[in-house]
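Have a look at the structure below, then the notes.
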Amino acid sequence: MNELNKIDHVNDTDLPQSEQKSHSAKKKKAATARRIFVIGSILLFILLFAAVIILNGKISSLSKRLNDSEEYIAAVNTHIYEYASTDDVFLFEDSTYGEVWLPAFENVPLNTLDYDGLALEDNNRYVYYEGDKPVSKTGIDVSYHQGDIDWQRVAADGIDFVMVRIGYRGYESGVMNVDERADEYISGALEAGLDVGAYFYSQAITEAEAVEEAVFVCELLKNYKITYPVVFDWEIPGDENARTNDVSTETLNKCAAAFCSKISESGYTPMIYSGLKMALCKFDMRSLCVFDFWYVEYKDGHNPPLYPYELQMWQYASDGSVDGIDGNVDMNICFTDYNIIYEALHNGEN
């Protein structure tokens with residue numbers, strides 16, 4: 001038995017009075033320490049028990065959400081996306097700086113189109129083949145600048161779809177306008193058997209304005225069968241008086257998301273239109289890649305697009321020639337069958 005135990009077993013009355021007080025104080029300290037230890041152990045046990053209960057609750061909640069989402073995930077995630085690695089970079093050609101390197105976005109789906117199947121035909125129109133079978137669609141986009149259009153001749157010239165400018169917001173005034181020939185073009189194209197989509201030239205400077213634009217567009221389209229996407233086309237006008245000159249990238253991305261979300265809520269397929277530099281340096285494709293993408297890059301001769309991420313439509317020329325239209329027209333190739341998507345969105349409505 002050590003000295004401490006000896007002290008614990010000594011009767012206070014057997015000690016001199018001077019030592020009795022000291023021994024009594026030691027006993028009180030020991031008792032207090034034991035009480036603190038017991039109380040602390042109990043509190044620790046309670047905290048651990050509560051943590052286990054909370055964790056189990058979160059696991060159960062997560063499991064339920066995953067189970068509830070299984071059908072949705074199975075229906076939507078039909079494509080196995082490929083993504084860039086953390087150390088990947090892409091080489092681009094810039095009109096000012098020449099060759100430039102940009103780090104790859106890790107969570108934006110890469111473009112998986114096999115451009116060996118991309119052919120530039122004798123009529124200077126691109127066609128995408130899988131094996132020997134053409135699987136792409138040929139389209140044009142038009143605004144009132146195209147003037148009178150004979151849509152029957154357009155359809156007979158091998159055009160499958162048309163993207164019509166439904167309207168625009170003035171970059172100085174901020175006033176929304178309807179394209180003066182939008183109704184005529186949409187009606188004529190549909191009568192000729194073409195698929196129709198629409199785009200709105202946005203100059204929104206707030207999320208509220210972007211939503212206002214989307215509501216404006218949906219109201220104009222509500223009486224038509226629009227099978228192709230409805231597009232957010234926000235561009236830099238290059239005018240010192242443009243009201244959009246001071247729009248931050250954060251605001252622009254919020255505008256794009258707000259417009260597209262409202263379009264989706266209204267039963268259409270939303271899409272964003274942009275060129276290479278705008279897509280990589282102005283838009284935040286890490287978040288906007290959830291929406292379909294219409295890419296613009298004009299080419300001389302047979303050259304695949306440079307954009308490294310997933311795209312559904314490519315505007316490859318502004319000097320196209322189509323029977324039924326006087327002058328040049330923008331040419332597009334679409335890699336997605338939007339009729340299938342339309343039927344899935346509107347199953348049973350038509």
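Only this structure's heavy atoms are used, side chains among them; waters, hydrogens and symmetry mates stay out.
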Check whether [X] and [Y] end up in the same hydrophobic cluster, where Ile, Leu, Val, Met, Phe, Trp and Tyr are linked by side-chain heavy atoms less than 4.5 Å apart.
X: Val296; Y: Met163; result: yes
X: Leu118; Y: Leu120; result: yes
X: Tyr185; Y: Ile159; result: yes
X: Tyr168; Y: Tyr171; result: no

Query raised in the report: Any chance CG of Asp246 has more than 12 other-residue heavy atoms, nucleotides or ligands included, within less than 6.0 Å?
Result: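 No, the 6.0 Å shell around CG holds no more than 12 heavy atoms from other groups.
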
- [ ] Might you confirm whether atom CG of Asn339 has over 12 heavy atoms from other residues, nucleotides or ligands at distances under 6.0 Å?
- [x]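 Above 12, so yes.
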
- prompt: After noting the C-alpha distance and the side-chain angles of Arg125 and Tyr316, does the key distance pass the side-chain contact (heavy atoms from CB on, under 4.5 Å) rule?
  reply: CA-CA 9 Å; Arg125 297 178 187 174; Tyr316 57 84; 3.5 Å; yes

Parallel, tilted or perpendicular: rings of Tyr309 and Phe90 (30°, 60°):
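Ring orientation of Phe90 relative to Tyr309: perpendicular.
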
**Request:** Can you label the angle between the Phe216 ring and the Phe200 ring as parallel, tilted or perpendicular, going by 30° and 60°?
**Result:**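 Ring orientation of Phe216 relative to Phe200: perpendicular.
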
Discussion item. Against Gln315, only a single residue in Tyr295, Trp294, Tyr298 fulfils side chain to side chain donor-acceptor pair (under 3.5 Å); can you say which?
Written reply: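 Only one option passes, and that is Tyr298.
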
Using the rule given for salt bridge (charged side-chain N to carboxylate O under 4.0 Å, His left out), can you reason through Lys262 versus Glu265, listing the C-alpha separation, both sets of side-chain angles and the distance that settles it, and then say yes or no? CA-CA 5 Å; Lys262 192 65 179 179; Glu265 289 174 11; 3.7 Å; yes

Using side-chain contact (heavy atoms from CB on, under 4.5 Å), reason through Val230 and Thr269 one step at a time and then give a plain yes or no. CA-CA 6 Å; Val230 177; Thr269 299; over 6 Å; no

Worksheet item: Just one of Tyr338, Tyr199, Tyr342, Tyr268 clears the ring-ring contact (aromatic ring centres under 6.0 Å, His included) bar with Tyr228, so which one?
Response: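 That would be Tyr338.
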
If you take the centroid of each ring, where Trp contributes its six-membered ring, are [Y] and [X] closer together than 6.0 Å?
X: Phe259; Y: Phe232; answer: yes
X: Phe291; Y: Phe293; answer: no
X: Trp101; Y: Phe92; answer: no

What distance separates [X] [atom1] from [Y] [atom2], expressed to the nearest 0.5 Å?
X: Asn332; Y: Thr138; atom1: CG; atom2: OG1; value: 9.5 Å
X: Ser274; Y: Lys282; atom1: OG; atom2: NZ; value: 11.0 Å
X: Arg181; Y: Ser187; atom1: CZ; atom2: OG; value: 12.5 Å
X: Thr227; Y: Leu345; atom1: OG1; atom2: CG; value: 11.0 Å
X: Thr244; Y: Asp239; atom1: OG1; atom2: CG; value: 9.0 Å
X: Ile272; Y: Asn253; atom1: CD1; atom2: CG; value: 8.0 Å

Please list, chain by chain and in numerical order, all residues satisfying side-chain contact (heavy atoms from CB on, under 4.5 Å) with Ser248, sequence neighbours excluded.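 Testing Ser248 for side-chain contact (heavy atoms from CB on, under 4.5 Å), a comparison that skips the adjacent residues, returns Glu250, Thr251.
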
Distance-only donor-acceptor check, side chains Glu82 and Thr112, under 3.5 Å: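 Checked: Glu82/Thr112 side chains show no N/O donor-acceptor pair below 3.5 Å.
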
* **ring-ring contact (aromatic ring centres under 6.0 Å, His included) partners for Phe335, two or more places apart** =>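 Phe335 satisfies ring-ring contact (aromatic ring centres under 6.0 Å, His included) with Tyr128 once adjacent residues are dropped.
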
How far apart are the C-alpha atoms of Asp94 and Lys277, what are their side-chain angles, what is the distance that settles it, and do they pass the salt bridge (charged side-chain N to carboxylate O under 4.0 Å, His left out) test?
CA-CA 8 Å; Asp94 182 79; Lys277 190 182 294 186; 2.7 Å; yes

